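Written out below as structure tokens is the structure these notes cover.
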Amino acid sequence: MAFAPAAVVAAASALVPMLGAWPLFAMFASSGLFWFGLALRAQGVYRKTLVLSGRIALSLAVPFLITALYPERPDAAALTTLALVVVCAAQQVLGAAFERWGVGLLAPQISALAFGGVGITALAILTVLDKAPGHPVVAAGVFAVLAGGLVAGMLAFPPVSPAGRAGRAGSGASELWRPNGMEFLAPAAGMVSAVVGAAVVSRGLGNFALLALAMYFVVTALRLPASMHRQCYWWLARATATVLAASAYVDLSSAGYALSVGGEEATPATVIVWVLGAQLVAVLAVGRKAMSLSLLMVDAGVLLALMSIATAALRFPVLLHSAPHDGWQPGAAAIITAAGALVAAVMLRKHRLAWLLAPAAMHLLVVRGHNVRDVEVLLGLFTAYAGFMVGLTREARLRGAYLLAGRVLFTAFAAIVVADATESAAAASVALAGLVSIQIALHPIVRRRFDGSPLLKEALWAGLVVQLLLPCWYLWARDFDGGGRWVVLSELTLAIVAAALVWRDQRHAAALYAGVVAVAGVVVGAGPALTFPTGTWLHQAVLSELHVPAILLGLAAGLTGLRVFLGRVSTSPARPQLKWFWFASALFFASVAGIFSVDASRILTGLAVLTVALVFYAGSHLEDRPRFYAAAASTTLVGALTGVEGWLNESGATTAFTGAWPDLMPWLVGGVGTGLILYVWRLLGGPAITAEPWRRYSLSATTGAGLLATAILGLVHDETAFTGAFLTAAAAVLLVVEIPVGKHLAAEVGTVVVVVAFQRAVIFVDSTRPDWFWAAQWFVVAGAVLAGLRYNQKQRAAGRLRLGMASGVLSLSSLATIFAGTPSQQIYVLAAHAVLLGAGLLLSERLFVGWGAVGVAASVMWALRSYAFAMLALVAIGLIVLAVWRLNRRPQEPGVVGPKGGEHTHDRVG
């Protein structure tokens with residue numbers, strides 16, 4: 001029966017439109033008073049339930065009372081909602097007070113959060129219902145929500161248990177914090193009040209709510225013991241104060257009270273940077289005793305990140321939806337942020353990640369990259385920081401990194417300052433090259449001062465690389481105002497000096513290679529390959545297009561000669577890393593000379609290739625690398641051909657020849673002549689050549705390649721075909737002489753190729769179509785000769801194969817003479833088969849006896865197609881058969897195997 005009023009109220013809710021506000025107020029008010037009356041006599045949880053029910057009923061009665069009192073007012077709905085907001089705020093305060101005083105309530109945290117949530121929701125609805133100018137009802141609701149939330153938070157947080165209140169009151173011990181939902185009520189109420197007040201009423205009301213919320217955070221932090229929890233409240237207070245400062249400044253600026261510094265009104269982003277910077281100073285100065293090093297690192301990192309965002313907003317206003325700004329403020333903000341990062345890095349240097357703060361702040365160089373003065377200041381700050389940390393840091397690797405960063409930053413700073421002061425790319429480039437050279441020269445002193453620091457060697461090599469790349473960068477920039485060729489030559493000269501200094505300090509061959517590159521760059525830079533505007537100093541080339549490759553070839557030859565001289569006077573082996581320095585450098589000089597001589601002179605190009613060959617020859621003998629002869633011999637042939645061609649063309653010697661001879665002369669002189677010289681070298685070179693297969697065969701192969709290439713070129717034209725044929729024969733002879741195995745087969749292949757070459761020179765001329773029958777007979781005769789040679793060497797199987805091939809060509813070509821052959825061709829076929837018959841009888845080869853007999857018979861029968869002549873042909877065939885039978889009846893000689901035991905090896909006709 002205790003909750004019967006609740007049933008009555010629920011049933012009456014359906015009749016709200018007919019009952020009106022007064023009956024509902026009476027029902028809710030009477031129900032609440034009824035439940036409070038019962039709670040006076042109840043105990044335990046039942047009593048707490050009655051109290052909560054009474055509070056809810058009375059809270060719902062208040063809005064109906066306001067509705068009943070002002071039924072005709074146009075803002076009655078807004079006033080009713082405001083009443084709900086006020087009563088919810090009062091319930092929050094009342095519940096927090098009861099909890100603070102030790103009065104037990106049912107679900108105190110949930111009920112407080114429920115009342116707070118209803119009040120905030122009602123405030124949001126109130127923004128729609130309040131139509132009056134200035135929104136006074138909304139302003140009152142904001143004050144109610146803000147006051148209720150903050151007072152309830154102050155009363156209920158931090159919570160104190162009833163058992164511990166008396167003991168702690170006397171001892172003065174700090175109150176311990178336990179997780180409590182009431183803790184989030186005040187921040188939520190404050191933030192909603194600030195947003196609603198600033199968006200609906202005025203920015204001033206929003207700022208007042210932010211101020212109250214910040215004060216609440218500060219007071220709560222002071223009430224908490226030193227802990228991470230307390231630190232979070234300090235962070236919330238600082239974040240709220242930062243937002244308050246920015247919002248208040250925007251409000252003052254809109255009212256005409258903006259801060260003017262240096263003739264400019266400070267922007268909100270600048271104010272944010274100032275406020276965050278002040279907080280950073282306070283944290284680093286005061287927080288070092290109250291916070292751990294890790295918390296300080298996190299705090300400083302967050303502050304610097306926010307400062308960087310605000311600084312970027314001044315350069316890229318879209319980040320904060322502000323107007324672009326090009327005055328002093330973006331630069332000042334970047335400098336303040338960078339200085340804060342560097343100070344934090346120094347103060348927190350004991351943290352293992354503190355060194356990251358300075359590199360992370362270097363993005364400001366990109367943000368302010370369009371303003372050279374800001375970049376200079378930032379680089380100066382970073383350089384000073386790196387130098388300071390070099391003396392302050394004890395960890396070797398980190399100190400080496402700071403030293404390397406300081407050198408790089410100082411070099412960049414000085415170069416940019418010079419470029420800004422002179423407005424000349426040439427001055428900046430030369431200054432940069434000079435600074436790098438000075439650093440390389442001072443490296444021994446730095447190494448002794450910071451002995452054991454890593455990255456010193458890396459810094460030295462990086463400086464040398466930069467020294468080599470500077471001329472390339474200057475040429476790529478194409479800004480020659482006040483500069484020109486002298487800048488490139490000066491920087492390359494400094495690179496040569498730097499390479500020498502690095503070699504003296506490190507004794508590493510890479511420094512020498514860098515010097516070689518720089519020397520080649522000086523020679524090329526002094527030539528006409530690089531062009532500069534007319535108004536610059538040394539715009540005309542110092543060296544001509546012929547001098548550049550000539551000097552480079554002289555350097556290559558000089559290095560080779562020096563190596564030969566040192567090899568004779570010194571017996572101690574060179575260092576492994578220097579063993580190939582002369583070889584690689586000479587090849588590099590000769591290769592660069594060849595590249596830059598292509599457009600200057602074919603003679604110089606040939607000399608460049610010959611110099612490459614000379615280096616390979618020297619390397620093969622001096623460094624005991626026989627395989628180098630393969631490259632040396634081939635490049636000798638290419639270089640000789642190129643040089644001879646250039647000499648013939650430039651001297652006009654080819655004008656004395658006509659037709660195809662001008663094209664063949666370079667190959668005859670350069671290709672054949674060089675081949676002959678190389679072969680003479682191969683014959684007279686002594687054991688150094690003959691005892692090494694790579695050297696011996698490289699020279700022979702190059703000679704053959706020169707002969708064969710010239711022969712092919714000569715066979716192309718009729719007037720030089722005989723020269724090509726003789727050169728082909730010479731190449732075939734060389735092949736037979738030099739090939740280590742299979743000389744007989746090589747001679748036979750060479751014979752066939754020579755026959756083809758001479759056929760081209762004799763019968764395939766003047767665009768005439770030769771008689772293919774007689775052309776085939778060349779190969780018949782050649783095959784017969786080769787077969788005879790094989791038989792003469794007791795190689796019957798090989799001779800039989802070659803004689804069979806020649807006989808096959810003869811018989812196949814004879815078929816073409818049956819219907820279209822001339823009498824001379826038919827007589828030749830008859831005679832050839834007769835010779836084959838005789839050869840078979842002499843060689844005791846029954847196959848060729850029969851083959852020749854069939855050929856002779858066929859030729860005679862075809863030639864004598866009448867009856868009388870046919871009878872004579874039959875008589876002839878009979879005689880042939882009788883000869884074969886007589887041959888088979890011949891008694892065997894001792895030691896000769898008969899027909900059943902195998903083939904006859906040396907049968908003869910008796």
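All values below come from the heavy atoms of this structure, side chains included, with hydrogens, waters and symmetry mates left out. Note that the coordinates shown come from a computational prediction; the quantities given were computed from them, not determined experimentally.
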Heavy-atom pair with the smallest gap, counting every atom of [X] and [Y]:
| X | Y | result |
| --- | --- | --- |
| Ile763 | Ala775 | CD1-CB, 4.0 Å |
| Leu836 | Gly852 | CD2-N, 3.9 Å |
| Leu637 | Gly670 | CD1-O, 4.2 Å |
| Glu623 | Trp582 | OE2-NE1, 3.0 Å |
| Ala586 | Val615 | CB-CG2, 3.7 Å |
| Pro666 | Leu641 | O-CD2, 3.6 Å |

- Given Phe764, which of Trp772, Phe758, Trp778 fulfils the ring pair (Phe, Tyr, Trp, His ring centres under 6.0 Å) condition? Trp772
- Item | Option among Phe581, Trp580, Trp503 that satisfies the ring pair (Phe, Tyr, Trp, His ring centres under 6.0 Å) test with Tyr513 |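 Exactly one candidate clears the test, Phe581.
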Can you tell me how far [atom2] of [Y] sits from [atom1] of [X], rounded to the nearest 0.5 angstrom?
| X | Y | atom1 | atom2 | result |
| --- | --- | --- | --- | --- |
| Asp663 | Leu648 | CG | CG | 11.0 Å |
| Leu734 | Leu727 | CG | CG | 12.0 Å |
| Trp661 | Glu719 | CH2 | CD | 7.5 Å |
| Leu707 | Thr728 | CG | OG1 | 9.0 Å |
| Leu552 | Ser597 | CG | OG | 9.5 Å |
| Leu803 | Arg796 | CG | CZ | 11.0 Å |

Taking the side chain as C-beta and beyond, is there a heavy-atom pair between [X] and [Y] under 4.5 Å?
| X | Y | answer |
| --- | --- | --- |
| Leu810 | Gln777 | yes |
| Leu745 | Glu748 | yes |
| Phe779 | Val756 | yes |
| Leu559 | Phe589 | yes |
| Pro626 | Asp624 | yes |
| Leu604 | Phe596 | no |
| Thr636 | Thr702 | no |
| Arg563 | Leu622 | yes |

State whether a side-chain donor-acceptor pair under 3.5 Å links [X] with [Y].
| X | Y | value |
| --- | --- | --- |
| Arg695 | Ser620 | yes |
| Gln795 | His744 | no |
| His547 | Ser544 | yes |

- Would you confirm whether the ring centroid of Phe616 sits within less than 6.0 angstrom of the ring centroid of Tyr629?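 No.
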- Task: Fit a plane to each ring of Phe628 and Phe583, take the angle between them on a 0 to 90° scale, and name the class: parallel (under 30°), tilted (30 to 60°) or perpendicular (over 60°).
- Result: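 Parallel, since the angle between the ring planes stays under 30°.
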- Would you find more than 12 non-hydrogen atoms of other residues, nucleotides or ligands less than 6.0 Å from Trp681 atom CH2? yes
- Item | Sole candidate of Arg682, Arg696, Lys743 that passes salt bridge (charged side-chain N to carboxylate O under 4.0 Å, His left out) when paired with Glu738 | Arg682
- Verdict with reasoning, Leu699 to Tyr679, per side-chain contact (heavy atoms from CB on, under 4.5 Å): CA-CA 6 Å; Leu699 295 175; Tyr679 194 69; over 6 Å; no
